[in-house]
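Everything below concerns the one structure shown next.
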Amino acid sequence: MIPYKHEPLTDFTKEENRKAYEQGFEIVKEYLGQDVPLIINGERIMTEDKMVSFNPSDREEIIGNVSKCSRELAEKAMDVADETFKTWKKVKPEVRADILLRAAAIVRRRKFEFAALLSKEAGKPWPEADADVAEGIDFLEYYARQMVAMKDGVPLNQRPGESNRFGYIPLGVGIVISPWNFAFAIMAGTAVAAAVTGNTVLLKPASSTAVVAYKFVELMEEAGLPAGVINFVPGSSSEIGDYLVDHPRTRFVSFTGSRKVGTRIFERAAKVQEGQIWLKRVIAEMGGKDTIVVDSDADLELAAQSIVKSAFGFSGQKCSACSRAVIVEDVYDQVLERVAELSKDLTVGDPVEDKFMGPVIDKNSFDKIMEYIEIGKEEGRLVLGGTGDDSKGYFVNPTIIADLDPKSRIMQEEIFGPVVGFTKAKDFDEAIEIANNTDYGLTGAVISNNRFHIEQAREDFHVGNLYINRGCTAAVVGYQPFGGFNMSGTDSKAGGPDYLQLHMQAKSVSEVF
Ligand code: NAD
């Protein structure tokens with residue numbers, strides 16, 4: 001197998017790539033607005049009760065009418081996954097891995113179709129959608145190799161007359177619950193990490209981006225994944241969310257989403273249900289309140305560019321987005337001014353037209369962000385933006401709020417929109433203190449030319465993903481394994497060397513001759 005290398009991003013200055021993206025839209029147009037079934041044991045099941053996935057740039061445009069899984073169908077899917085586990089766990093790891101590699105090849109061939117679908121269903125601008133699909137390919141390629149690398153277990157100490165072996169075996173049925181913001185990469189990555197390790201999966205994608213998840217499950221079938229290994233069960237959280245998490249046959253839950261839902265799942269999964277013979281495992285990747293710290297001795301242009309890209313890329317709807325800029329006072333005004341200057345020229349609009357920023361995902365999100373902007377106006381000084389337009393879709397302009405108290409709500413709560421708060425620190429020590437003063441610990445960045453400050457941040461900036469002299473988004477699978485501390489999750493690292501083990505248990509066998 002050739003060594004892993006991440007998928008390159010598309011260069012959209014090239015005309016042929018722009019054409020290919022346009023063609024992606026043409027392909028997607030063919031199936032927009034269709035009814036989408038559940039997939040249980042390979043069987044397509046269309047339910048009466050549907051949820052509508054629409055285009056957040058234009059809510060009149062329906063992406064798909066997605067069948068909603070009921071409790072009865074969730075139970076059926078659980079039986080299927082339980083039964084399929086008996087055979088899937090015996091399939092050789094190399095064979096499971098090959099299915100992922102084949103799937104990666106198919107996604108690569110349909111890259112622009114998937115990216116265009118993300119532009120339509122999740123409102124992703126072209127480069128963001130392209131990166132989402134590339135990351136999905138990376139997860140497939142990386143986890144396939146990781147599975148093969150760990151298939152023979154780990155060598156143990158041996159004594160004469162004794163053979164000691166140590167290997168990883170799968171867990172059982174996993175519930176994979178994914179968010180809408182990386183509707184392809186995280187959905188695909190979490191589902192295939194569970195499956196390649198020999199588990200079977202009930203995949204419950206975010207309702208707002210269920211069509212792209214359906215297309216991916218179909219693709220996995222095409223790549224050779226046997227029926228019943230990944231079952232597609234979109235549905236309402238109140239009807240099947242708790243039900244699946246609570247189910248006594250659920251062995252583990254792999255969740256990515258908000259802190260509120262993640263902590264709820266963590267609590268519920270801890271309760272041992274009647275008939276349950278294990279303690280459930282929970283892998284939870286949750287929210288963030290991520291900071292870029294700018295030192296007085298720093299490349300200020302790099303600092304401003306990094307803040308703009310990390311705060312406003314995909315309208316700030318990334319768990320890793322920069323929502324706090326903490327600037328040492330000597331350079332505060334200069335950095336703030338430059339960030340405002342760069343941000344006022346950013347384009348906002350329908351991603352079909354290749355704008356820098358698209359819409360936010362839905363009305364709830366739009367209303368929540370606009371409420372935070374009002375709070376921000378009271379807590380600090382509005383420097384840029386503060387406006388939105390929800391007449392057709394859900395657009396919010398890049399917003400900068402300055403002179404905030406580090407403990408203000410804008411500096412503490414996850415907004416998940418294009419809003420960045422600025423705070424002044426008297427020196428670098430105080431800047432790191434402020435950076436660490438939230439409940440979260442996902443990503444962070446430091447822009448500095450001071451070697452001692454860089455080392456100080458390396459030790460004391462308490463985040464799962466720390467970046468030095470770059471922005472705080474855009475982790476790459478296998479290069480920057482991703483996941484956070486504190487209320488950002490269970491300290492797992494997606495796309496990292498120990499991620500697959502979280503879906504397995506170690507068995508130790510000792511034989512005496
Ligand atoms: P969300 O928590 O609202 O929903 C996530 C998923 O959970 C969805 O599929 C939803 O249908 C499901 N869900 C909701 N209630 C449930 C319940 N009671 N039982 C089972 N499932 C339930 O999050 P979201 O709005 O889709 O995503 C945004 C959030 O995700 C942000 O907080 C962001 O920071 C976080 N996020 C974190 C990471 C990470 O790697 N740490 C990555 C992406 C997004």
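Remember, it's 1-based here, ligands and their atoms both numbered in the order they're listed. Treat the numbers as computed from the prediction; the structure is a model and nothing was measured.
Counting the atoms of ligand 1 from 1 in the order shown, those under 4.0 Å from a heavy atom of Ile177 are 6 (C), 7 (O), 9 (O), 12 (C), 20 (C), 21 (N). Interface of Ala206 with ligand 1, defined as ligand atoms under 4.0 Å from a residue heavy atom, comprises 8 (C), 9 (O). Shown in contact with Phe255 at under 4.0 Å from a heavy atom are these atoms of ligand 1, numbered in order with element: 2 (O), 5 (C), 6 (C), 7 (O). Of all the atoms in ligand 1, the ones that sit under 4.0 Å from a non-hydrogen atom of Ser237 are 10 (C), 11 (O), 12 (C), 13 (N), 14 (C), 15 (N), 16 (C), 17 (C), 22 (C). Ligand-side atoms of ligand 1 in range of Ser178: 6 (C), 8 (C), 9 (O), range being under 4.0 angstrom from any heavy atom. Within ligand 1, the atoms closer than 4.0 Å to a non-hydrogen atom of Arg264 are 18 (N), numbered from 1 in the order shown. Within ligand 1, the atoms closer than 4.0 Å to a non-hydrogen atom of Ile186 are 42 (C), 43 (C), numbered from 1 in the order shown. Within the listing of ligand 1, atoms 9 (O) sit less than 4.0 angstrom from a heavy atom of Pro205.
Residue Gln505 places its CD atom among more than 12 non-hydrogen atoms of other residues, nucleotides or ligands, all under 6.0 Å distant. Counting non-hydrogen atoms of neighbouring residues, nucleotides and ligands closer than 6.0 angstrom, the CZ atom of Phe266 reaches no more than 12 such neighbours. Atom NZ of Lys309 has 12 or fewer heavy atoms from other residues, nucleotides or ligands within 6.0 Å.
With contacts defined as side-chain heavy-atom distances shorter than 4.5 Å, the pair Ile177/Ile175 qualifies. Using a 4.5 Å heavy-atom threshold, the side chains of Leu32 and Glu61 count as touching.
Of the polar atoms of Trp180, at least one N or O is found under 3.5 Å from an N or O of ligand 1, judged by distance alone. For the pair Asn181 and ligand 1, the shortest N or O to N or O distance does not fall below 3.5 Å. By the 3.5 Å distance cut-off applied to N or O atoms, Ser258 is counted among the residues near ligand 1. Polar contact check, Lys318 against ligand 1: no nitrogen or oxygen pair lies under 3.5 Å apart. No N or O atom of Val245 sits closer than 3.5 Å to an N or O atom of ligand 1.
At a threshold of 4.0 Å, the pair Asp362-Arg59 does not count as salt-bridged, since none of the basic side-chain nitrogens sits closer than that to a carboxylate oxygen. Under the 4.0 Å criterion applied to side-chain N and carboxylate O atoms, Asp290 and Arg324 are not assigned as salt-bridge partners. With respect to Lys76 and Glu43, a salt bridge is recorded, a charged nitrogen being found less than 4.0 Å from a carboxylate O.
If you look at Phe216 and Phe184, their ring centroids are closer than 6.0 Å. Two rings, from Phe366 and Phe395, have their centers 6.0 Å or more apart. Aromatic pair Trp126/Phe314: ring centres not closer than 6.0 Å.
Between Asp405 and Met411 the shortest heavy-atom distance is O-CG, 3.6 Å. A pairwise comparison of heavy atoms in Ile40 and Ala77 identifies CG2-CA, 3.7 Å as the closest pair.
Less than 4.0 angstrom separates atom 26 (O) of ligand 1 from at least one non-hydrogen atom of the protein.
Of the protein's heavy atoms, Lys204 NZ, 3.0 Å lies nearest to atom 11 (O) of ligand 1. In this structure, atom 18 (N) of ligand 1 lies nearest to the protein heavy atom Asp242 OD1, 3.2 Å. In terms of protein heavy atoms, atom 32 (O) of ligand 1 is closest to Glu414 OE1, 2.7 Å. Nearest protein neighbour of atom 28 (C) of ligand 1, counting heavy atoms only, is Phe416 CE2, 3.6 Å. The nearest protein atom to atom 42 (C) of ligand 1, hydrogens excluded, is given as Cys319 SG, 3.0 Å; this is a heavy-atom distance. Among all protein heavy atoms, the one lying closest to atom 35 (C) of ligand 1 is Gly257 O, 3.1 Å.
Listed for the Lys124 side chain is a donor-acceptor partner under 3.5 Å among the backbone atoms of Asn181.
Around atom 5 (C) of ligand 1, the closest heavy atom drawn from Val261, Thr256, Ile361, Val253 belongs to Thr256.
If you look at Met286 next to ligand 1, the close heavy atoms, those under 4.0 Å, all belong to the backbone. Neither the backbone nor the side chain of Phe182 comes within contact range of ligand 1; no heavy atom lies under 4.0 Å. With a 4.0 Å heavy-atom cut-off, ligand 1 is reached by no atom of Ser238.
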